[in-house]
Amino acid sequence: MDNRPIGVFDSGVGGLTVVRQIIKALPNEDIIYFGDTARVPYGSKSKETVTKFSSQIIRFLLSKNVKAVIIACNTVSSNSYDELIKEFDLPIIEVVTPGAEACLKETKNKIVGVIGTEATIKSGAYEKKLINLDSGVKVYQKACPLFVPLAEEGWTDNNISKETAEIYLKELLNKGIDSIVLGCTHYPLLKKCIGKVIGENVRIIDPAAETARKTKEYLKNLDALGNNKGKAEFYVSDNTEKFSFICQAVLKKVCLAKKIEIEKY
Ligand code: DGL
């Protein structure tokens with residue numbers, strides 16, 4: 001048993017979609033969450049910058065005595081995971097592998113779509129992972145950068161988000177995909193809107209549930225599961241109000257985020 005908390009981070013509110021699944025799968029784990037609200041979005045930044053920000057965040061999480069870190073961000077998972085596991089000596093779990101595996105379980109025709117930030121799509125991480133796992137799969141990708149500010153603003157299902165989704169997703173729908181991976185943790189916040197645009201015949205794959213399942217398996221194998229009350233603390237690098245508001249809406253419980261100086265780490 002290991003009663004230290006699990007650290008989870010993202011550029012902003014997106015990683016809360018992963019926290020939601022961790023709470024379901026691992027109700028006895030305490031969580032320390034960090035959302036980099038001062039520096040969001042990560043998806044338009046370089047690999048070097050994303051890696052530097054992520055290192056600072058993991059150092060902050062380590063100062064909170066975490067036993068493992070979940071990178072609840074596809075941009076960081078796709079671009080910086082290899083560097084981060086070299087730098088830090090603790091279990092680090094990423095979201096791309098669980099996302100690719102969940103997608104392959106669901107697709108029937110093996111024609112799949114992946115949407116994500118510019119940096120995730122440019123890295124080709126999903127395509128490589130999917131083809132590595134199944135060389136017969138055909139992958140179509142599309143960067144949807146505006147979904148991130150829409151999610152951060154809480155505009156998840158209105159005319160603007162719908163029109164944005166229509167413009168972004170049109171070309172993928174013409175390819176005959178039967179599944180689409182939400183390759184950015186912000187996107188499940190727009191799931192309803194995305195669902196209306198892509199229709200019932202395309203399955204929506206959110207890597208979060210599979211990530212939570214893998215985390216449980218991983219901690220169990222290390223004999224490091226916790227036996228806590230499932231307390232969560234939230235930290236951000238800028239204004240707390242909007243984050244706390246969205247956090248409450250996503251997790252359906254009172255969340256009061258605290259601001260910290262992430263540059264110090
Ligand atoms: N939620 C993140 C992801 O999964 C990052 C979005 C962003 O900051 O651009 O990629």
Side-chain angles (χ1 to χ4, degrees), residues 7-22 33-58 69-81 83-84 92-100 102-103 113-127 129 141-156 161 164-165 168 180-191 194 204-212 215 234-239 242-243 246-247 250-251 262:
V8 184
F9 75 93
D10 178 43
S11 60
V13 297
L16 296 170
T17 61
V18 178
V19 171
R20 188 163 60 183
Q21 297 298 335
I22 296 168
Y33 184 88
F34 179 79
D36 203 354
T37 52
R39 305 187 292 196
V40 64
Y42 280 10
S44 54
K45 297 192 169 64
S46 68
K47 185 183 169 91
E48 292 69 35
T49 300
V50 170
T51 306
K52 186 182 108 188
F53 289 174
S54 305
S55 297
Q56 286 175 334
I57 296 167
I58 295 179
V69 167
I70 300 176
I71 306 174
C73 175
N74 291 267
T75 305
V76 176
S77 298
S78 310
N79 287 280
S80 312
Y81 176 72
E83 300 293 320
L84 296 172
I92 300 182
I93 293 150
E94 49 88 30
V95 288
V96 172
T97 310
C103 175
V114 175
I115 54 174
T117 66
E118 285 167 301
T120 297
I121 298 304
K122 207 168 115 205
S123 77
Y126 268 103
E127 190 173 21
K129 187 62 79 179
Q141 307 190 82
K142 177 79 185 167
C144 307
L146 288 176
F147 283 169
V148 172
L150 286 170
E152 290 286 329
E153 193 57 35
W155 284 19
T156 53
S161 51
T164 310
Y168 279 145
I180 189 164
V181 182
L182 305 184
C184 170
T185 54
H186 281 73
Y187 298 179
L189 298 171
L190 286 94
K191 191 172 174 181
I194 293 171
I204 298 183
I205 315 294
D206 173 3
E210 186 63 13
T211 303
T215 305
F234 300 91
Y235 296 88
V236 291
S237 47
D238 204 344
N239 292 341
K242 201 185 271 176
F243 179 92
I246 296 182
C247 189
V250 176
L251 301 182
I262 195 65

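As the structure is a computational prediction, the values presented were derived from the model and not from experiment. Atoms within a ligand are numbered from 1 in the order they appear, just like the ligands themselves. Start at 1 with the first residue, then count along the sequence.
In the model, Ser46 has a side-chain atom that pairs as donor or acceptor with a side-chain atom of Thr49 under 3.5 Å. If you check the side chains of Tyr187 and Asp206, you find no donor sitting under 3.5 Å from an acceptor. Looking only at atom types and distance, the side chain of Thr117 has a donor-acceptor partner in the side chain of Thr75 under 3.5 Å away. Residues Ser237 and Asp36 have side chains that bring a donor and an acceptor to within less than 3.5 angstrom of each other.
Both the backbone and the side chain of Asn74 come within contact range of ligand 1, each with a heavy atom under 4.0 Å. Both the backbone and the side chain of Thr75 come within 4.0 Å of ligand 1, counting heavy atoms alone. Heavy atoms of Pro41 found under 4.0 angstrom from ligand 1 belong to the backbone as well as the side chain. By the criterion of a heavy-atom distance under 4.0 Å, both the backbone and the side chain of Thr185 are placed next to ligand 1.
Other residues, nucleotides and ligands contribute over 12 non-hydrogen atoms within 6.0 Å of the NZ atom of Lys142.
Polar contact with ligand 1: absent for Thr120 (N/O pair, distance under 3.5 Å).
Between Tyr168 and Phe147, the ring planes lie perpendicular to each other; the angle is over 60°, past the 30° to 60° tilted range.
Here the protein heavy atom with the shortest distance to atom 9 (O) of ligand 1 is Gly43 N, 2.8 Å. The protein heavy-atom contact nearest to atom 1 (N) of ligand 1 is His186 ND1, 2.7 Å. From the protein, the heavy atom lying nearest to atom 5 (C) of ligand 1 is Ser11 OG, 3.4 Å. When only non-hydrogen protein atoms are considered, atom 7 (C) of ligand 1 lies nearest to Tyr42 N, 3.3 Å.
The heavy-atom pair separating Ile246 from Glu153 by the smallest distance is CD1-C, 4.5 Å.
Taking every heavy atom of Asp10 and a limit of under 4.0 angstrom, the matching atoms of ligand 1 come to 1 (N), 2 (C), 5 (C).
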